[in-house]
Protein chains: 2
Amino acid sequence: MYTQAEENYLKALFSITLEVGNEEGVGTNELADYLKLTPPTVNNMLKKLKTKELVNYEKYGKITLSDSGRAHAVYVIRKHRLWETFLCKKLDFNWNAVHEIAEQLEHIDSPELIDRLDKFLDYPSFDPHGDPIPDAKGKIKTGSRKLLSELKPGAQCRLVAVKDDSTAFLDYVNRLGLKINSLIEVVDTVDYDHSMHIVVDGGSHTVSKKFTDSIQVLAV
Amino acid sequence: MYTQAEENYLKALFSITLEVGNEEGVGTNELADYLKLTPPTVNNMLKKLKTKELVNYEKYGKITLSDSGRAHAVYVIRKHRLWETFLCKKLDFNWNAVHEIAEQLEHIDSPELIDRLDKFLDYPSFDPHGDPIPDAKGKIKTGSRKLLSELKPGAQCRLVAVKDDSTAFLDYVNRLGLKINSLIEVVDTVDYDHSMHIVVDGGSHTVSKKFTDSIQVLAV
DNA sequence: TATAAAAGTTAGATATATCTAACAATTTTA
DNA sequence: TAAAATTGTTAGATATATCTAACTTTTATA
């Protein structure tokens, strides 16, 4: 099986590729930066991951995940997001307090445990942050995720994730009554500064472009 | 905090002391045997645990837990047993299938997680094997645990644990309809071979001394 | 295109937790 | 009580995952 360190590298490679849309691969320094490790450490581990055929990598070249590497990365993400969902839905943790615990839980090695947890949570498709949870076959529901700022007047959507972790931002989100899965209606936009009129839970608000850029939604 | 290895040593020391009733302390080889490690490995770790003041230990002497060592050992046992309870009660695992997974989960480091899990499970006092779960203050419900074979006719008790892991035995236990917390009534005993007449769930059975020696109960 | 900057690698050290082989102390027993 | 058996320790090796310092290759730029 895979060590915790190995799983962290696989997950990091998968995430960087997604976030940066980095098709051609990831660099050693970039990965080191992301994992908060030094480049030689990463270089070292890369050799190991290569002999295990989890990554494609040549000296001085870019790093990509192999098929088996990607499959396991997706499984680690599945574990992480299922545990986050458990922590929030069942243990009443606040959704912004679960990440660190899930970082530990995601390395527990028991496929049966994960399948049963999935069932116990009623096969959720999204975690408390609105990120999709890969299913048992590794399939990830993509949907048409957009930023709230991209929507036109008249559009309806549901909040699936936020892209800002600051307390100020999260407090504001809460104050507006926004939660995961909240229905948001775009009433109007202001051309001048791209601020937006939205309706949430019957309440009407005007929010800035800065704000709508940090809200990820799924069109209804 | 404590590493997984350290937690395993602490737990082992606590368990050996309990099981063997070993008041004066544990030997290096004994501990090595229990943990399935070599004596030098244990010797090495002991030095480390001593500098951390988790054990009392002098060269060639017996090993005992310090107060802080014992406190943490109890906490690890609390974590382990709460997770086992979760796996059985919530995820429908069979009670003899949860140990290995709990061995992993017990090392997750988050006191808040454990407190919330405890609450979620409604503050259980016993795990699925009938072993007591230390409470948040480290207090362990002792009760008057006995073997079923020690009881006299007329006595009533509840099953808290079994001392045999064989399939044959467990199948028999199931066939009798015995579960954790089952009420058992001792009707009669046969002097000749110490077999016992018991009533479980309205059903009457005659069981051998060999059997009643493997059933731990708590008097009602 | 030559040089400077950035990115990547190698070599060697450290910490943890384990091992085997050899040796030392303690305990048992003949 | 001396020899044998058991128990415990030391020394040195291995594997994993990390680091720093020094060096090399690639890329950017003047």
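Just so it is clear: chains get the letters A, B, ... in the order the sequence lines come, proteins before strands, and each one is counted from 1.
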Exercise for the section: Check the side chains of B:Asn8 and B:Tyr2 for a donor-acceptor pair under 3.5 angstrom, ignoring hydrogens and angles. Expected result: no
Handout entry: Residue pairs fulfilling ring pair (Phe, Tyr, Trp, His ring centres under 6.0 Å) with at least one residue in residues 105-127 of chain A, sequence neighbours excluded
Key =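 Checked against ring pair (Phe, Tyr, Trp, His ring centres under 6.0 Å) - neighbours excluded - no pair reaches residues 105-127 of chain A.
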Does a side-chain N or O of [X] approach OP1 or OP2 of [N] to a distance below 4.0 Å, or not?
X: A:Asn29; N: C:dG8; result: yes
X: A:Lys59; N: C:dT10; result: yes
X: B:Lys47; N: D:dT10; result: yes

Atom pair distance, as rounded to whole Å: [atom1] in [X] and [atom2] in [N]:
X: A:Asp33; N: C:dG8; atom1: CG; atom2: P; answer: 11 Å
X: A:Leu46; N: C:dT9; atom1: CG; atom2: P; answer: 7 Å
X: A:Leu31; N: C:dA7; atom1: CG; atom2: P; answer: 14 Å
X: A:Tyr57; N: C:dA7; atom1: OH; atom2: C1'; answer: 11 Å
X: A:Lys52; N: D:dA15; atom1: NZ; atom2: C1'; answer: 12 Å
X: B:Asn43; N: D:dA11; atom1: CG; atom2: C1'; answer: 12 Å
X: A:Lys50; N: C:dG8; atom1: NZ; atom2: C1'; answer: 15 Å

Problem - ring pair (Phe, Tyr, Trp, His ring centres under 6.0 Å) involving B:Tyr60 - partner list, sequence neighbours excluded - result: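 In terms of ring pair (Phe, Tyr, Trp, His ring centres under 6.0 Å), with neighbours along the sequence ignored, B:Tyr60 is linked to no residue.
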Exercise for the section: Please name all residues satisfying side-chain hydrogen bond (donor to acceptor under 3.5 Å, both in side chains) with B:Ser166, sequence neighbours left out, ordered by chain then number. Expected result: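 Expected list: B:Asp164.
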Practice task
Only counting residues at least two apart or in another chain, list the ones meeting side-chain hydrogen bond (donor to acceptor under 3.5 Å, both in side chains) with A:Asp131.
Solution key: A:Arg145
Problem - Electrostatic pair B:Glu6-B:Lys52, nearest N-O below 4.0 angstrom - result: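 Salt bridge present between B:Glu6 and B:Lys52.
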Problem - side-chain contact (heavy atoms from CB on, under 4.5 Å) partners for A:Asp33, two or more places apart - result: none
Handout entry: side-chain contact (heavy atoms from CB on, under 4.5 Å) partners for A:Pro124, two or more places apart
Key = A:Leu82, A:Thr85, A:Asp118, A:Leu121, A:Ile133
Could you list, one pair per line, each protein nitrogen or oxygen that sits under 3.5 Å from a nitrogen or oxygen of nucleotides 16-25 of chain D, together with the distance?
unit_1: D:dA17; atom_1: OP1; unit_2: A:Thr3; atom_2: OG1; d: 2.6
unit_1: D:dA17; atom_1: OP2; unit_2: A:Lys48; atom_2: NZ; d: 2.0
unit_1: D:dT18; atom_1: OP2; unit_2: A:Tyr9; atom_2: OH; d: 3.2
unit_1: D:dC19; atom_1: OP2; unit_2: A:Thr38; atom_2: N; d: 3.1
unit_1: D:dC19; atom_1: OP2; unit_2: A:Thr38; atom_2: OG1; d: 3.0
unit_1: D:dC19; atom_1: OP2; unit_2: A:Thr41; atom_2: OG1; d: 2.4
unit_1: D:dT25; atom_1: O4'; unit_2: A:Tyr60; atom_2: OH; d: 3.3

Handout entry: Stretch residues 102-111 of chain B: residues that reach within less than 4.0 Å of DNA chain D through a heavy atom
Key =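 Within residues 102-111 of chain B, no residue comes under 4.0 Å of DNA chain D.
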Problem - Sequence neighbours excluded, every pair satisfying salt bridge (Lys or Arg N to Asp or Glu O under 4.0 Å) that has a member inside residues 92-105 of chain B - result: B:Lys11-B:Glu103
